[in-house]
Colleague: 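Just passing along the structure, written as C-alpha cells.
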Amino acid sequence: MISQLSWKIGGQQGEGVESTDRIFSTALNRLGYYLYGYRHFSSRIKGGHTNNKIRISTHPIRAISDDLDILVAFDQESIDLNAHELRPGGVVVADAKFNPVLPETVNAQLFAVPITKIAEELGTSLMKNMVASGASWALLGLPLEVFNKAVEEEFGRKGPAIVEKNVEAVKRGAEFVLEQAGGPLDAFKLDEADGKQKLFMIGNEAIGLGSVAAGCRLMSAYPITPASEIMEYLIKKLPKFGGTVVQTEDEIAAVTMAIGANYAGVRTMTASAGPGLALMMEAIGLAGMTETPLVIVNTQRGGPSTGLPTKQEQSDLNAMVYGTHGEIPKIVIAPASIEDCFYDMIEAFNLSEQYQVPVIVMTDLQLSLGKQSCEELSLDKIVINRGKLVRESELSELEQHQLFKRYELTADGVSPRVIPGDKHGLHHVTGVEHDETGRPSENAGNRQRMMDKRLTKLDGLVIRDAVRADSPNAQADLLIIGMGSTGGTIDEARSRLVGEGITSNHITIRQIHPFPTDIVKAELNKAKKVVVLENNATAQLAAQVKLHAGGADKIESVLKYDGNPFLPSEVYKACKELN
Amino acid sequence: MATFKEFRNNVKPNWCPGCGDFSVQAAIQRAAANVGLEPEQLAVISGIGCSGRISGYINAYGLHGIHGRALPIAQGVKLANRELTVIASGGDGDGFAIGMGHTVHAIRRNLDITYIVMDNQIYGLTKGQTSPRSAEGFKTKSTPEGSIETTLSPLEIAMSAGATFVAQSFSSDLKQLTALIEAGLNHKGFSLINVFSPCVTFNKVNTYDWFKENIVNLDQFPDYDPTNRMAAMNKIMETNGMLTGLIYQNKERQSYENLVAGFQEQGLANQDIQLSQDQFEKLLAEFK
Ligand SMILES: Cc1ncc(C[n+]2csc(CCOP(=O)(O)OP(=O)(O)O)c2C)c(N)n1
Ligand code: SF4
Ligand SMILES: [Mg+2]
C-alpha cells in the first residue's frame with residue numbers, strides 16, 4: 001500500500017485532456033483523497049501538446065512531484081515528452097490507435113487500450129476521456145460505483161441516455177485494461193482516504209469566492225491568461241448578489257472603472273496579468289493620490305512583453321512594488337496557498353478601505369490555475385471592515401458652500417470617507433495635489449503635509465501572517481525564503497535535507513510591500529546561510545530582503561525562469577550544493 | 001428644490017477670461033437645477049485639460065481623474081450607484097484622442113451618463129498643440145507646417161457606434177446648451193453632447209465669430225426629425241459636422257443598467273454586502 005501517487009494525462013489541446021483530468025479527480029475527491037494539480041498548456045486552443053498532472057495523497061500535499069507513476073497518453077508525443085518522468089515500474093496507458101512505443105530508456109509497463117475505438121463504438125470519440133479515466137481508475141483498484149456517481153453528476157442534466165453511455169465507456173476502458181494487466185496493480189494500491197470530500201478548486205476560483213465573501217459586488221476586467229477564470233467565476237455569481245462584471249475595452253478602463261465604483265462606495269476589483277498590470281500603472285497612482293480603495297489581482301505569468309503567457313513565473317514583483325510614477329502608499333500581498341487565495345481577498349478589501357490605498361494581490365500561474373484540495377473555509381473567520389467610511393446618518397450638516405474634509409489631517413493619516421449621494425458629505429476629489437477639502441493646491445506647506453499624510457498611513461503595517469514561518473531551529477544551517485506557490489515544494493525539499501543532516505527553517509513572505517522588515521530580520525539571524533527561491537531571472541525577492549532586512553553576505557538565490565515551477569528535487573539539490 | 005446657485009461653489013476657475021468653458025459650467029449648473037437635482041445627487045467626473053477642471057467648479061460630488069479616463073471612471077460610479085446622476089466631461093483631446101477607445105465603448109455600453117465635451121479643436125492645457133479635432137492645415141506648436149491628418153468627426157463616430165443621444169452646441173448659446181444638457185440628463189442612456197467651446201488663448205482660427213458664421217442651428221428646422229438615424233447621419237455629413245441642436249435620439253433602447261441580469265433599482269452602494277451562512281454554504285457546495 002502506498003500513501004501517494006502521481007498521474008498524468010497528455011494529448012493535443014482540445015482533445016479531452018482537461019475533461020479526463022476533471023472527471024478522474026472529481027471521483028478521487030469523492031473518496032477523500034487530497035489532490036494537487038498542475039496544468040501544462042500552450043497559448044493556443046486546438047492542437048499543441050498539453051498535459052495535466054495530479055498528485056493523489058492520503059495527507060495534505062502542496063507540491064507537484066518529481067516523478068510519475070501513471071501516464072495516460074492520447075498520442076505518441078505525450079509519451080515522448082513525458083515518459084522520462086516515470087519512475088521505474090511506472091505505467092503507461094496509451095491509445096492503441098497510434099501503436100504506442102516506449103523509449104528504450106524507460107523502464108515502465110505499457111498498456112495499449114483501444115481508447116478511441118471503444119469511444120467511437122459507443123457513438124463518439126468525445127468519450128475518449130471516459131475510457132481513459134475508467135482504465136486509470138481500474139488499475140488503481142478503486143470502487144467503480146464511486147466513479148459512476150461522478151459521471152452521473154457530470155452528465156446528469158443531459159439525460160439518462162448520455163449518463164448510461166458514459167458509464168459504459170468507463171466500464172469498457174476498465175475491463176479492457178484489467179484483462180491486460182490481470183487485475184488492479186498491487187504497486188499502485190492506495191491507502192484508503194478519510195472519505196471526506198474536500199473543497200477542490202483552482203486558486204482563481206478561491207479568489208473569486210473570497211471576493212464574493214468580502215462583499216465585492218463589481219468587477220471590471222479584460223480577459224488574459226491566467227486571470228480570466230476569476231472574471232468567469234464572478235460573472236456567474238455576482239448577479240445573484242445584485243452585482244455584475246463588466247468586460248471592458250482594455251485594462252485602463254478596467255482599473256479606472258474599478259476606481260470609480262470604489263469611490264462611489266462599492267467594493268470593486270479588477271484582475272489581470274503582467275501586460276494588463278503595465279497598462280494600469282497611471283491609474284494606480286490616481287487611486288493612491290485620491291486615497292480611493294482599489295483591489296487588483298495580478299496573476300503572474302512569464303514576461304516580459306507577451307513572454308510565456310501560459311507558463312509559471314514570479315517576475316512582476318518589482319512592477320507591483322515600484323510601479324506608478326511619483327510616490328504613493330500601496331500594499332502588495334502574496335497568497336501562498338489555496339486557502340490564502342480565499343482569505344487574502346477579504347484581507348485585501350479590508351485593507352484597501354481601512355487605509356484607503358490600492359492593494360495588489362499577487363499570485364503566480366501555478367497558484368492561480370493548479371487545482372487542489374482546500375481546507376474547509378469558514379465564514380466565521382471573516383470580518384468585513386470598511387475603515388473610516390461614514391454614512392449619511394453620522395454626518396453633521398455642512399455650512400452653505402462648505403465642503404466635507406475628505407482629506408482631513410488625522411493622527412493616523414487616514415481621513416473619514418463619504419460616498420456620493422450623502423447630503424452632508426459634498427467634496428471634490430482630484431489627482432492634482434489638494435487640500436483637506438480636496439481642492440487643488442500648490443502651496444508648498446500643504447504639499448508636504450499631504451505627502452506625509454499619505455505616505456505614513458502604512459507605517460508599521462503587519463498583516464495577518466505577513467510572514468509565514470516554519471522555523472523550528474534556533475540556529476539553522478539554512479533559511480529558505482519563498483513566496484507564492486513554491487512553499488509546498490520547499491517543504492518537500494526540506495524533509496529530504498533532514499536526511500542529509502542539514503537543518504533548515506522556511507519562511508514564506510506574504511506581505512511583499514511594505515516589507516515586513518523586523519520579522520524577516522529576526523529570521524535571518526537564526527540561520528547560517530539563506531537561500532531565496534523565486535521564479536524569475538533577476539532575484540527580485542532577494543533584492544527586497546537585502547534592501548530591507550540586510551544579510552547580503554549570506555544570501556544566495558535559487559532562480560528558475562524556464563516557465564516551469566520548481567520541482568522538490570531541484571530545490572533539494574540546489575540547497576544541498578549551497579549549504 | 002435646489003436653484004442653479006446651489007450648484008455654484010466659491011472656487012474661482014483658473015480659465016482664461018473669455019474661455020468658452022465658463023458657459024459650459026453655467027449651463028451644467030442651470031440644467032442640473034432645472035431637472036430638479038440636489039447637489040448631492042450629482043457626480044461630475046472629469047478628465048485632464050483646461051476643461052477637465054470643471055468638476056471642481058460645480059457644487060456637487062466630483063472626481064477629477066486622469067487624462068482620457070473620465071468615461072470609465074464615470075461608468076464605475078454609475079454602476080456602483082445608479083441612483084446618482086452622473087455627468088462626465090473633458091476636452092476634445094481627452095475624449096477623442098487619448099480617451100477615444102473609451103468613448104466608443106461607453107457609447108456602445110449605453111449606461112445612463114451624460115458626456116459633455118468641451119471641443120476647442122486644440123490642446124489648451126499643454127499650451128496649444130494639435131487635436132484630432134483640428135482642421136487640416138491648422139498650424140499649432142506641434143504642427144508648424146499645418147496639420148496633415150484628417151479631422152475626426154466625433155458625431156459620425158458616435159452614430160456608427162450606436163449612440164442613443166447625440167447633440168452638439170456652442171458655448172455662446174447658453175439657452176440651447178442648457179436645454180440640450182437637460183435633455184441629456186433626462187435621456188435614459190448615454191448622451192454625447194459636443195460643445196464648441198472656443199479657446200481664446202491658443203486657437204486664433206476657431207473663434208467665437210468663426211463659429212457664429214459657420215454653424216447651422218437645427219432649432220431653425222422645425223421639420224427636422226431627430227429620431228431618424230439616416231437623416232441624422234445625412235445632416236452631419238451635409239453640414240460637415242458644423243451643426244448644433246439635438247441631432248439624434250433613440251428612446252427605445254434600454255440603458256445598460258436595465259439590461260444587466262440581477263441589477264436592482266436600488267444603488268449597489270446602498271445594498272448590504274454581508275453573506276449569510278446559507279448563501280456561503282451554497283457557494284462552497286459547488287466545489288465539492
Ligand atoms: C497620460 C497623459 N499624457 C499627457 C498629459 C498632458 N496633457 C494634459 S491635458 C492634455 C491635452 C488637453 O487637451 P484637451 O483634452 O483638448 O483639453 P483642453 O485643455 O483643450 O480643454 C495633455 C496632452 C497628461 N496629463 N497625461
Ligand atoms: S488656454 Fe484656452 S482652453 Fe485653456 S482656459 Fe485658456 S482659453 Fe480656455
Ligand atoms: Mg481641447
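We use all heavy atoms of the structure for the numbers below, so side chains are in, but hydrogens, waters and symmetry mates are not. Naming convention: chains lettered A, B, ... in sequence-line order (proteins, then strands); numbering from 1 in each chain.
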Colleague: Could you check whether any side-chain heavy atom of Thr244(A) comes within less than 4.5 Å of a side-chain heavy atom of Leu268(B), counting everything from C-beta outward?
Modeller: no
Colleague: Tell me, for Ser378(A) versus chain B, whether the close heavy atoms (under 4.5 Å) come from the side chain, the backbone, both or neither.
Modeller: backbone
Colleague: Taking the side chain as every heavy atom from C-beta outward, state whether Ile273(B) and Phe241(A) have any pair of such atoms under 4.5 Å apart.
Modeller: no
Colleague: Please look at Ile419(A) and chain B and tell me whether the side chain, the backbone, both or neither of the residue comes under 4.5 angstrom of a heavy atom of that chain.
Modeller: both
Colleague: Please identify, among Lys240(A), His424(A), Met201(A), the residue contributing the most non-hydrogen atom pairs under 4.5 Å to chain B.
Modeller: Met201(A)
Colleague: Does atom CZ of Phe404(A) have more than 12 heavy-atom neighbours from other groups under 6.0 Å away?
Modeller: yes
Colleague: Under the rule for side-chain hydrogen bond (donor to acceptor under 3.5 Å, both in side chains), what residues qualify as partners of Ser46(B), not counting sequence neighbours?
Modeller: Ser55(B)
Colleague: Does Glu442(A) have more than 12 heavy atoms from other residues, nucleotides or ligands lying within 6.0 Å of its CD?
Modeller: no
Colleague: Taking atom CD of Glu286(B) and atom CD of Glu205(A), what is their separation to the nearest 0.5 Å?
Modeller: 9.0 Å
Colleague: Would you indicate whether the side-chain heavy atoms of His102(B) and Asp250(A) approach each other to under 4.5 Å?
Modeller: yes
Colleague: Which region of Phe280(B), side chain (C-beta onward) or backbone (N, CA, C, O), has a non-hydrogen atom less than 4.5 Å from a non-hydrogen atom of chain A, or is it both or neither?
Modeller: side chain
Colleague: Given the options Asp380(A), Asn29(A), Leu377(A), which has more heavy-atom pairs under 4.5 Å with chain B than any of the others?
Modeller: Leu377(A)
Colleague: Heavy-atom distance under 4.5 Å between the side chains of Ile384(A) and Gln274(B), does that happen here?
Modeller: yes
Colleague: Flag the pair Leu199(A) / Leu284(B) as yes when at least one side-chain heavy-atom distance between them is below 4.5 Å, and no otherwise.
Modeller: yes
Colleague: Within a 6.0 Å radius of atom CZ on Arg253(B), are there more than 12 heavy atoms belonging to other residues, nucleotides or ligands?
Modeller: no
Colleague: Identify which of Ala253(A), Gly265(A), Gly431(A) forms the greatest number of heavy-atom pairs closer than 4.5 Å to chain B.
Modeller: Ala253(A)
Colleague: Assess whether atom NZ of Lys405(A) is packed by more than 12 heavy atoms of other residues, nucleotides or ligands within 6.0 Å.
Modeller: no
Colleague: Hey, which of Arg108(B), His105(B), Arg109(B) is the one that makes side chain to side chain donor-acceptor pair (under 3.5 Å) with Glu249(A)?
Modeller: Arg109(B)
Colleague: Quick one: does Lys423(A)'s side chain get under 4.5 Å of Pro39(B)'s, heavy atoms only?
Modeller: no
Colleague: Side chain, backbone, both or neither: which part of Glu281(B) has an atom under 4.5 Å from a heavy atom of chain A?
Modeller: neither
Colleague: Would you please go through residues 60-79 of chain B and name the residues with a non-hydrogen atom below 4.5 Å from one of chain A, in numerical order?
Modeller: Ala60(B), Tyr61(B), Gly62(B), Leu63(B), His64(B), Gly65(B), Ile66(B), His67(B), Arg69(B), Pro72(B), Ile73(B), Gln75(B), Gly76(B), Val77(B), Leu79(B)
